[in-house]
Amino acid sequence: MLVNRLEKALMNNPIRAVVQRYCEARILRDLGGAMAGGRALEIGCGRGVGVSIILDSFGAEYVDAFDLDPSMVEIARRRHSHDSTRVRLWVGDAVEIEAADDTYDAVFDFGIVHHVPQWLSVLDEVHRVLKPGGRFYSEEVLKAFILNPVVRRVLDHPLADRFSHEEFLAALRGAGFSLVGERKLGNLFGWYVGEKG
């Protein structure tokens with residue numbers, strides 16, 4: 001699902017980039033550790049800030065990334081034009097990831113899964129494209145935030161079948177992940193690292 005203009009502005013500003021790098025990524029790294037090189041995938045890359053974080057803070061050697069919004073992919077391409085041998089970007093959908101089975105050492109989700117109506121399919125796809133022992137680093141917005149009446153008036157999210165912290169944990173296990181670490185902020189936001197067995 002493409003985000004509306006307000007959420008696009010909220011997600012694509014310097015404050016969001018700082019929070020993503022110094023808060024969200026730090027929590028995920030504390031939960032799941034860094035990568036020892038290898039190839040990572042970011043689902044829903046937006047303007048490419050997450051790609052930089054995955055390279056710089058998590059230590060990936062290569063990053064593939066996609067977004068549903070072609071304009072965001074173009075901005076990410078410009079941002080990473082100097083990294084063209086290490087970064088590959090395309091327009092794509094997290095419900096059908098354009099990658100072979102067992103391709104990635106890690107997959108990153110900086111708040112994308114809650115935008116997808118068929119979010120359980122995304123977890124299955126992430127599991128499919130991860131190598132055995134690969135890790136899924138996920139930062140997510142929970143249903144208490146999404147279903148808040150004020151949020152519903154200003155942001156566009158799917159409203160049916162949203163998930164709580166506990167429901168997301170259960171879905172990760174249901175998709176075949178073993179839990180490495182988890183954390184939540186009230187009932188609004190959660191961070192998760194799962195590993196493919």
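Worth saying up front: this structure is predicted, and the values here are computed from it rather than measured.
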Quick one: does Val113's side chain get under 4.5 Å of Phe168's, heavy atoms only? yes
Taking only residues two or more places apart in sequence or in another chain, which ones pass salt bridge (charged side-chain N to carboxylate O under 4.0 Å, His left out) with [X]?
X: Arg78; result: Glu74
X: Glu98; result: none
X: Arg128; result: Asp101, Glu125

In one Ile/Leu/Val/Met/Phe/Trp/Tyr side-chain cluster, 4.5 Å: Phe163, Leu179: yes
Single-linkage hydrophobic cluster Ile27~Ile15, side-chain heavy atoms < 4.5 angstrom: no
My understanding is that only residues two or more places apart in sequence, or in another chain, count here; which of them pass ring-ring contact (aromatic ring centres under 6.0 Å, His included) with [X]?
X: Phe189; result: Phe145
X: Phe177; result: His127, Phe136
X: His165; result: Tyr192

The side-chain contact (heavy atoms from CB on, under 4.5 Å) partners of Arg26 (sequence neighbours excluded) come to Tyr22, Asp30
Under the side-chain contact (heavy atoms from CB on, under 4.5 Å) test, residues paired with Asn187 that sit two or more places apart: Ala144
Under the side chain to side chain donor-acceptor pair (under 3.5 Å) test, residues paired with Glu139 that sit two or more places apart: none
Across all chains, not counting sequence neighbours, the side chain to side chain donor-acceptor pair (under 3.5 Å) partners of Ser121 are none
Once the angle between the rings of Tyr137 and Phe108 is folded into 0 to 90°, is it parallel (under 30°), tilted (30 to 60°) or perpendicular (over 60°)? parallel
Minimum-distance pair of heavy atoms, taken over all atoms of [X] and [Y]:
X: Glu42; Y: Val51; value: OE1-N, 3.2 Å
X: Ala94; Y: Ile97; value: O-CG1, 3.6 Å
X: Arg152; Y: Ile146; value: CG-O, 3.2 Å
X: Leu142; Y: Ser164; value: CD2-C, 3.9 Å
X: Arg162; Y: Glu167; value: O-OE1, 3.7 Å
X: Ala60; Y: Ala40; value: CB-CB, 4.1 Å

Decide if atom CZ of Arg183 counts as having more than 12 heavy atoms of other residues, nucleotides or ligands within a radius under 6.0 Å. no
Sequence neighbours left out, what pairs pass ring pair (Phe, Tyr, Trp, His ring centres under 6.0 Å) with at least one residue falling in residues 71-107? Phe66-Trp90
If the threshold is 4.0 Å, N to carboxylate O, is there a salt bridge linking Asp105 and Lys131? yes
Which residues end up grouped with Tyr62 if you chain together Ile, Leu, Val, Met, Phe, Trp and Tyr wherever their side-chain heavy atoms are less than 4.5 Å apart? none
